[in-house]
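Heads up: the structure comes next, in structure tokens.
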Amino acid sequence: MKKQNFRNYRGYRNAGIRLREELVPSLALQKERTEPYLYAFHMFDKAHMVMLAEENLISKDAVRQLLSRLREMEKEDITKARLEIGGGMHSGEQFLIRSLGEDIGGLFHLGRSSGDLWEVGFRIFARDSLLRLLADIFKLRSILISLGLEHADTVMPGYSHGQHAQPTTWGHMLLSWASVLERDSERLLLAFRHTNRSPAGAAILTGSDFPLNRKRVAQLLGFEQVEKNTFDAIMSHDLKMEITSTLAVLYLNLARIADDLMLFSTAEYNYIEFPDRFCGTSSIMMQKKNPYAPQYIKGAAAEAAGGLVTSLLVEKDPTSFPIMDRDSTYKAVEHTFSNLARDLGWMNEFMPALTVHKDRMQEQAGAHWAQATDVAGALVREHGLAWRTAHQIIGIVVRLSEDRNIRPSDVTPALIDEASIEYMGRPVGLSAASLKQALDPVGVVNRRAIFGGPAPSETQTRVGDYRALLEKDKQEVERLQACLSEGAGKLETAIDKLLSDT
């Protein structure tokens, strides 16, 4: 007799049924690598059983036995219990057959497949991870907004091509990072909406000839919609590519911030300093203070980018062919979520604890001709020169001052006239007052009061916009979390009702 002794039941894949040989042990271990999703499989197991009972597809008595046993499983850690029982995504069935025998425990997989079981588990895991990630990002956005306001008047050089460009403020730069994270949040929320659609009941691609109530299962699991095509629900691959790409973009944005912070912490810049607890030193060069945290962030971002490439190459497979190679995508997603939780935790701690050397920043803001654009602007305003003419004259001024080792703050109207004569054959006669005003980096910043500019007054105004959008995003996440909690409540209420019915 091929039927297993139920007390030692070890799954449906056994030698002598469809296949003649046992699975290679290393493959079996790989196939059961489901730990992050076990709690989600447990939720689906319960919701599926409730639906089967409500649709009279299995007897209420059998459902009560099945649900009672799963409730007993919950008296200890679900993940631990399912790992001990084995069976991977089918650990629920394995547990129930061992507990109740195949005649009862073997009932509840009716109408399901490994396909929708896995896809539901992944989507529950992914949506929960996305909401936790958004909470961490919201915290960082809040920190950047507060620091942006605090440093609205902390003048520093702005850079392009690695060279001094125009004076800006540390607050303006911090808010630019908040802007990036706003878009990351929007992308993550969109990924959540695409993820939070139920594939339950789609089986492996055509659903079932049993009258499954797919909408009821979706409701019990907190999904906002049901995937309207059973083939698409299981066989389409774009959702995984969307999640990995969204996470990779977020991580590369964080890596760019980490790069900037590392650069600004060098002795050559000396604009900021990391708290010692985020730094190491050298076993030979005792003077070293090495910022570790941003380097780990950069490395993890590279891993996230690698995960995206893995996902793109795996998920491009023909629709109805390989499935198991997609395991590499899931590993990438799990690893990236884990790293992001770690790294955002670090950033939320070290960003407000950075030492900012405001005097050094302001000193450098005017030291290397970042204010040249405003000097040219003064020529336009005071003498009506064409912009390009003023641009060329001040270009000559910069060259002459560098050749003669003259600091921008020491430039005189006489040097402006010399450059003007060289360019157009006559002096321009810029007043000393206009030149002084144009050379002041603080004044340069204060004059940039256009919408979104670095002027402190504009930064203080825009902070309200940043906070309003952050609050809106927080409310949306709270709504989504409430929907998930409502679904969980409905599931437990339905189970209670079935268990109490006699």
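One-based numbering along the sequence shown.
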Checklist line | M173 versus S176, closest heavy-atom pair with distance | finding: O-OG, 2.5 Å
Next item on the list: For side chain to side chain contact (heavy atoms under 4.5 Å, CB included), just list the numbers for L96 and I104, CA-CA rounded to whole Å, side-chain angles, deciding distance to a tenth of an Å, and then say yes or no.
Entry: CA-CA 8 Å; L96 292 171; I104 299 296; over 6 Å; no
Notebook entry, point to check: Does the pair R467/E471 count as a salt bridge with the N-to-O cut at 4.0 Å?
Noted result: no
Notebook entry, point to check: Between the side chain of D116 and the main-chain N/O of A200, is any donor-acceptor distance below 3.5 Å?
Noted result: no
Check: Just checking, is any N or O donor in the side chain of N348 or D136 under 3.5 Å from an acceptor N or O on the other one?
Finding: no
Next item on the list: Identify the heavy atoms of Y39 and I78 that sit nearest to each other, and give their distance.
Entry: CA-CG2, 4.1 Å
Notebook entry, point to check: For M262, does its backbone N or O pair with a side-chain atom of T266 as donor and acceptor, under 3.5 Å?
Noted result: no
Next item on the list: Count the heavy atoms of every other residue, nucleotide or ligand shown that sit under 6.0 Å from CD of E55, and state whether that count exceeds 12.
Entry: yes
Check: Can you name the closest pair of heavy atoms from E54 and A494 and give their distance?
Finding: OE2-CB, 4.2 Å
Margin query: Looking at P456, is its backbone amide N or carbonyl O close enough to the side chain of H172 to form a donor-acceptor pair, meaning the two atoms are under 3.5 Å apart?
Written below: no
Note to self: Can you list everything that forms a salt bridge (Lys or Arg N to Asp or Glu O under 4.0 Å) with E478? Sequence neighbours excluded, please.
What the structure shows: none
Margin query: Assess whether a salt bridge exists between E492 and R71, defined as any Lys/Arg side-chain N lying under 4.0 Å from an Asp/Glu carboxylate O.
Written below: yes
Check: With ring centroids as reference points, do Y159 and Y269 lie under 6.0 angstrom apart?
Finding: yes
Next item on the list: Check the side chains of S99 and R69 for a donor-acceptor pair under 3.5 angstrom, ignoring hydrogens and angles.
Entry: yes
Notebook entry, point to check: With sequence neighbours left out, which residue pairs that include part of residues 182-221 fulfil the ring pair (Phe, Tyr, Trp, His ring centres under 6.0 Å) condition?
Noted result: none
Note to self: Could you check whether R64 pairs with D501 (Lys NZ or Arg NE/NH1/NH2 to Asp/Glu carboxylate O, under 4.0 Å)?
What the structure shows: no
Checklist line | L66 vs L100 side-chain heavy atoms within contact, under 4.5 Å | finding: yes
Notebook entry, point to check: How close do N56 and K60 get, heavy atom to heavy atom, and via which atoms?
Noted result: OD1-NZ, 3.1 Å
Item checked: Electrostatic pair D465-R462, nearest N-O below 4.0 angstrom -> yes
Next item on the list: Using the test side-chain hydrogen bond (donor to acceptor under 3.5 Å, both in side chains), find all partners of D45 that sit at least two apart in sequence or belong to another chain.
Entry: R82, R112
Next item on the list: Mind running side chain to side chain contact (heavy atoms under 4.5 Å, CB included) on V333 and F122 for me, showing each step along the way?
Entry: CA-CA 10 Å; V333 171; F122 173 77; 4.2 Å; yes
Could you list the donor-acceptor pairs under 3.5 angstrom formed between side-chain atoms of residues 337-344 and any protein atom two or more places apart in sequence or on another chain?
residue: N339; atom: ND2; partner: H335; partner atom: NE2; Å: 3.3
residue: D343; atom: OD2; partner: Y251; partner atom: OH; Å: 2.4

Checklist line | Check: E349 side chain, G345 main-chain N or O, donor-acceptor pair, under 3.5 Å | finding: no
Note to self: Testing the 3.5 Å rule here: is there a donor-acceptor pair between the side chains of S114 and H90?
What the structure shows: yes
Next item on the list: Check whether any side-chain heavy atom of L144 sits under 4.5 Å from a side-chain heavy atom of M351, and report yes or no.
Entry: yes
Next item on the list: Name all residues meeting the salt bridge (Lys or Arg N to Asp or Glu O under 4.0 Å) criterion together with E273; count only those two or more places apart in sequence or in a different chain, and write none if there are none.
Entry: K289
Notebook entry, point to check: Any side-chain heavy atom of L83 sitting closer than 4.5 Å to one from E35?
Noted result: yes
Notebook entry, point to check: For the residue pair Y271 and F264, does the interplanar ring angle fall in the parallel (under 30°), tilted (30 to 60°) or perpendicular (over 60°) class?
Noted result: tilted
Check: Do R193 and L480 have side-chain heavy atoms sitting under 4.5 Å apart?
Finding: no
Notebook entry, point to check: Counting distance only, does the side-chain N/O of S142 pair as donor-acceptor with the main-chain N or O of F138 below 3.5 Å?
Noted result: no
Notebook entry, point to check: Would you say R187 and L250 make side-chain contact, with heavy atoms under 4.5 Å?
Noted result: no
Item checked: Heavy-atom closest pair, residues L70 and K46 -> CD1-CG, 3.8 Å
Next item on the list: Compute the ring centroids of Y37 and W118, then answer whether they are less than 6.0 Å apart.
Entry: yes
Checklist line | L57 vs L212 side-chain heavy atoms within contact, under 4.5 Å | finding: yes
Margin query: Tell me if a side-chain donor or acceptor on S179 pairs with a main-chain N or O of L175 at a distance below 3.5 Å.
Written below: yes
Margin query: Any donor-acceptor pair under 3.5 Å linking the side-chain atoms of S198 with those of R214?
Written below: no
Next item on the list: Specify the closest pair of heavy atoms between K215 and V226, including all atoms of both residues, with the distance to one decimal.
Entry: CA-CG2, 3.9 Å
Notebook entry, point to check: Ignoring hydrogens and geometry, is there a side-chain-to-backbone donor-acceptor pair from T168 to G158 under 3.5 Å?
Noted result: no
Checklist line | Main-chain N/O of N270 paired with H357 side-chain donor or acceptor, under 3.5 Å | finding: yes
Notebook entry, point to check: Under 4.0 Å between a Lys/Arg side-chain N and an Asp/Glu carboxylate O for R479 and E476?
Noted result: yes
Next item on the list: Sequence neighbours left out, what passes ring pair (Phe, Tyr, Trp, His ring centres under 6.0 Å) with H42? Give chain and number order.
Entry: none
Check: Quick one: are V477 and L189 in side-chain contact, heavy atoms under 4.5 Å?
Finding: yes
Item checked: Main-chain N/O of I143 paired to S146 side chain as donor or acceptor, under 3.5 Å -> no
Checklist line | pair F274-L261: side-chain heavy atoms closer than 4.5 Å | finding: yes
Margin query: Is the ring pair Y292/Y296 parallel, tilted or perpendicular, if the boundaries are 30 and 60 degrees?
Written below: perpendicular
Item checked: From CA spacing to verdict: side chain to side chain contact (heavy atoms under 4.5 Å, CB included), W170, L147 -> CA-CA 9 Å; W170 182 231; L147 290 173; 6.0 Å; no
Checklist line | Side-chain ion pair, E227 and R123, N-O less than 4.0 Å | finding: yes
Notebook entry, point to check: Is there a side chain to side chain contact (heavy atoms under 4.5 Å, CB included) between I97 and E93 once you walk through the steps?
Noted result: CA-CA 6 Å; I97 290 178; E93 181 181 45; 3.7 Å; yes
Check: Donor-acceptor pair, S245 side chain versus M241 backbone, under 3.5 Å?
Finding: yes
